[in-house]
Amino acid sequence: ANINPQFNDIGTQLYNHYYQTFDTNRPGLVGLYGDTSMMTFEGEQFQGAQGIVQKIVALPFTTVQHQVIKADIQPNPGNGGIIVFVTGSLIVDGGVATPLKFAQVFHLAPTPAGSWFIQNDMFRLNIG
């Protein structure tokens, strides 16, 4: 089986970097996706790094802060990838009193150069 023994550390580093970049410089996320990447955001699908980041940049808020509550990380032996499932809270435009609950799944795939990119990204607000 093709399992990276560092899967836990890699997954943790990825989501920490992703949310720090998302919260401070959304256009900077483009380097974390590839041409084959797909994101499903609240049921809407976007393909490729440019299309995904265009959607993220266009989201209708000025400031956002992700607070990760839990993250579950598993290796994917089929392609040597890593699956990361994050749950947490979003503080949007300073609304500390009204955080939004979210869940997000990342499927990380290895690059030929030995780094990682987000092959699949699924995001949902948990409302209700």
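Along the sequence shown, the residues carry numbers beginning at 1. Here the structure is a predicted model, which is why all the values come from computation and not from measurement. All values below come from the heavy atoms of this structure, side chains included, with hydrogens, waters and symmetry mates left out.
- Checking Tyr15 against Gln20 by side-chain atom types alone, no donor-acceptor pair falls below 3.5 Å.
- Judged by distance alone, with hydrogens and angles left aside, the side-chain atoms of Asn25 form no donor-acceptor pair with the main-chain N or O of Thr21 at under 3.5 Å.
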Validation: residues 65-81 side-chain donor-acceptor distances under 3.5 Å, sequence neighbours left out:
from, atom 1, to, atom 2, distance (Å)
His66, ND1, Asp23, OD1, 2.6
Asn76, OD1, Gly78, N, 3.1
Asn79, OD1, Gly81, N, 2.6
Asn79, ND2, His107, NE2, 3.2

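- Other members of the hydrophobic cluster containing Val96, listed by chain and number, are Ile91; membership follows side-chain contacts under 4.5 Å among ILVMFWY residues, whether direct or relayed.
- At a threshold of 4.5 Å between non-hydrogen side-chain atoms, the residues Ile82 and Trp116 count as touching.
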Show every donor-acceptor pair shorter than 3.5 Å between a side-chain atom in residues 35-59 and any protein atom, with sequence neighbours excluded, or say none if there are none.
from, atom 1, to, atom 2, distance (Å)
Thr36, OG1, Gln119, OE1, 3.1
Thr36, OG1, Gln119, NE2, 3.3
Ser37, OG, Gly34, N, 2.7
Ser37, OG, Gly34, O, 3.2
Ser37, OG, Ile118, O, 2.6
Thr40, OG1, Gln45, NE2, 3.4
Glu42, OE2, Leu125, N, 2.4
Gln47, NE2, Thr36, O, 3.1
Gln47, NE2, Ser37, O, 3.3

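- Judged by distance alone, the side chain of Asp93 and the main-chain N or O of Thr63 form a donor-acceptor pair under 3.5 Å.
- Two residues are said to be in side-chain contact when any heavy atoms from C-beta on lie closer than 4.5 Å; Val105 and Ile83 meet this criterion.
- Interatomic distance, CG of Asp9 versus CG of Leu14, reported as 12.5 Å (0.5 Å rounding).
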Any chance you could lay out the ring-ring contact (aromatic ring centres under 6.0 Å, His included) test for Tyr33 and Phe117, step after step, and finish with the verdict?
CA-CA 5 Å; Tyr33 294 97; Phe117 76 101; 8.8 Å; no
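- In this structure, CG on Leu90 lies 8.0 Å from OH on Tyr19, to the nearest 0.5 angstrom.
- The hydrophobic cluster containing Phe85 also contains Met122, counting ILVMFWY residues as joined when their side-chain heavy atoms lie under 4.5 angstrom apart, directly or transitively.
- Side-chain contact between Thr87 and Lys101 is absent, with no heavy-atom pair separated by less than 4.5 Å.
- A distance of 5.5 Å separates CG in Leu29 from OH in Tyr18, rounded to the nearest 0.5 Å.
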